[in-house]
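The structure under discussion appears below in the form of structure tokens.
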Amino acid sequence: MPTIHFVDGEKGGVGKSLFTRTMIQYCLDKKIPFVPVETDRSNPDVAGVYKEICKYAVFSENERQSNKADRIFEWAIEKPVIVNLAAQSHRAVQGWIESNQLIELGSSQGVMPQPKNSLTERDCPVSCEFDYNP
């Protein structure tokens, strides 16, 4: 089942990008199909390392720009997505999920958010925590 993996954290410099790059490299090494997505406009370091394959999306609390992240869900219909989130973007991501009713839509399309501690070692060789708290 396609899944959206959000790598999230409110502070910069705590290892989100390193963790994202580890997940991306693991998928490349194991030939697991996926879509890597960079959302950090101020420091797009994941896209800098994987510039040939990385897609871009934007999360914003501005209602006029709120649809700029919709591509993430569209990509997830086809294959798993790994999203490198910018620091302090949790509220914008939560708003995007809620305003688009993505939990319900995902259930109908076979796309699910990854609940906390549900990745297997096959999916991710390091300790993983993904949490969505509406």
Side-chain angles (χ1 to χ4, degrees):
M1 167 182 311
T3 306
I4 302 172
H5 301 279
F6 292 107
V7 182
D8 184 17
E10 287 302 300
K11 290 183 65 177
V14 296
K16 293 181 299 295
S17 296
L18 174 63
F19 186 80
T20 303
R21 291 193 330 254
T22 301
M23 290 180 69
I24 290 170
Q25 193 60 53
Y26 180 81
C27 289
L28 289 171
D29 292 347
K30 299 293 184 179
K31 298 185 181 356
I32 299 169
F34 72 102
V35 177
V37 179
E38 177 69 79
T39 67
D40 192 340
R41 292 177 283 174
S42 65
N43 186 23
D45 52 353
V46 171
V49 174
Y50 297 102
K51 52 184 140 258
E52 283 82 33
I53 61 171
C54 212
K55 309 276 188 199
Y56 290 88
V58 176
F59 285 101
S60 175
E61 292 181 59
N62 180 334
E63 224 173 276
R64 293 190 317 197
Q65 294 186 2
S66 62
N67 66 339
K68 291 191 176 189
D70 291 350
R71 293 179 284 181
I72 293 171
F73 187 85
E74 294 163 7
W75 293 321
I77 292 172
E78 300 297 321
K79 55 183 114 174
V81 177
I82 299 171
V83 183
N84 183 50
L85 294 171
Q88 300 183 8
S89 62
H90 182 81
R91 189 166 47 200
V93 174
Q94 182 176 349
W96 174 70
I97 291 170
E98 290 173 358
S99 67
N100 290 295
Q101 300 177 330
L102 293 182
I103 302 298
E104 296 81 9
L105 182 60
S107 295
S108 70
Q109 297 292 319
V111 177
M112 295 304 295
Q114 195 65 30
K116 185 176 183 179
N117 295 328
S118 65
L119 289 178
T120 66
E121 187 174 316
R122 184 189 77 77
D123 296 321
C124 182
V126 296
S127 175
C128 301
E129 285 194 14
F130 298 94
D131 203 2
Y132 172 67
N133 295 314

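FYI, side chains are in, hydrogens and waters are out, and symmetry mates aren't considered; it's all heavy atoms of this structure. Nothing fancy with the numbering, it's 1 onward along the sequence.
Side-chain contact between Ile82 and Cys27 is present, with heavy atoms from C-beta onward closer than 4.5 Å. Residues Ile32 and Tyr26 meet the side-chain proximity criterion, which asks for heavy atoms closer than 4.5 Å. Phe59 has its side chain within reach of Leu85: a pair of non-hydrogen atoms, C-beta onward, lies under 4.5 Å apart. Between Lys55 and Arg71 there is no side-chain heavy-atom pair separated by less than 4.5 Å.
Sorted pairs that involve residues 80-89 and meet salt bridge (charged side-chain N to carboxylate O under 4.0 Å, His left out), not counting sequence neighbours, are lacking altogether.
Remark: Asp45 engages Ser17 in a side-chain hydrogen bond (donor to acceptor under 3.5 Å, both in side chains) (not counting sequence neighbours). With sequence neighbours left out, Leu28 forms a side chain to side chain contact (heavy atoms under 4.5 Å, CB included) with Ile24, Gln25, Phe34, Tyr50, Ile53. For Thr39, the side-chain hydrogen bond (donor to acceptor under 3.5 Å, both in side chains) test picks out no residue, with sequence neighbours left out. Partners of Arg91 under the side chain to side chain contact (heavy atoms under 4.5 Å, CB included) rule, at least two apart in sequence or in another chain, are Glu61. In this structure Glu78 satisfies the side chain to side chain contact (heavy atoms under 4.5 Å, CB included) test with no other residue, sequence neighbours excluded.
Residue Gln94 holds its CD atom at 11.5 Å from CZ of Phe6, rounded to the nearest 0.5 Å.
For the pairing with Asn84, the side-chain contact (heavy atoms from CB on, under 4.5 Å) check across Asn43, Val37, Thr20 returns one residue only, Thr20. Applying the side-chain contact (heavy atoms from CB on, under 4.5 Å) test between Phe73 and each of Leu105, Ile97, Asn100 identifies Leu105 as the sole match.
Taking both residues in full, the closest heavy atoms of Ala69 and Ala57 are given as CA-CB, 4.4 Å, listed atom of the first, atom of the second, then distance. What you find for Pro80 and Pro33 is that their closest heavy atoms are CD-O, 3.4 Å. Residues Asp8 and Lys16 come closest through the heavy atom pair C-CD, 3.5 Å.
A continuous path of hydrophobic side-chain contacts links Leu102 to Ile77 [ILVMFWY only; heavy atoms under 4.5 Å]. Met23 and Leu18 are not part of a single hydrophobic cluster, where members link through side-chain heavy atoms under 4.5 Å apart. One hydrophobic cluster, built from ILVMFWY side chains closer than 4.5 Å, cannot hold both Val93 and Tyr56; they sit in different ones. Under a hydrophobic clustering in which Ile, Leu, Val, Met, Phe, Trp and Tyr are joined whenever their side-chain heavy atoms come within less than 4.5 Å, directly or via other members, Ile103 and Ile4 fall into the same cluster.
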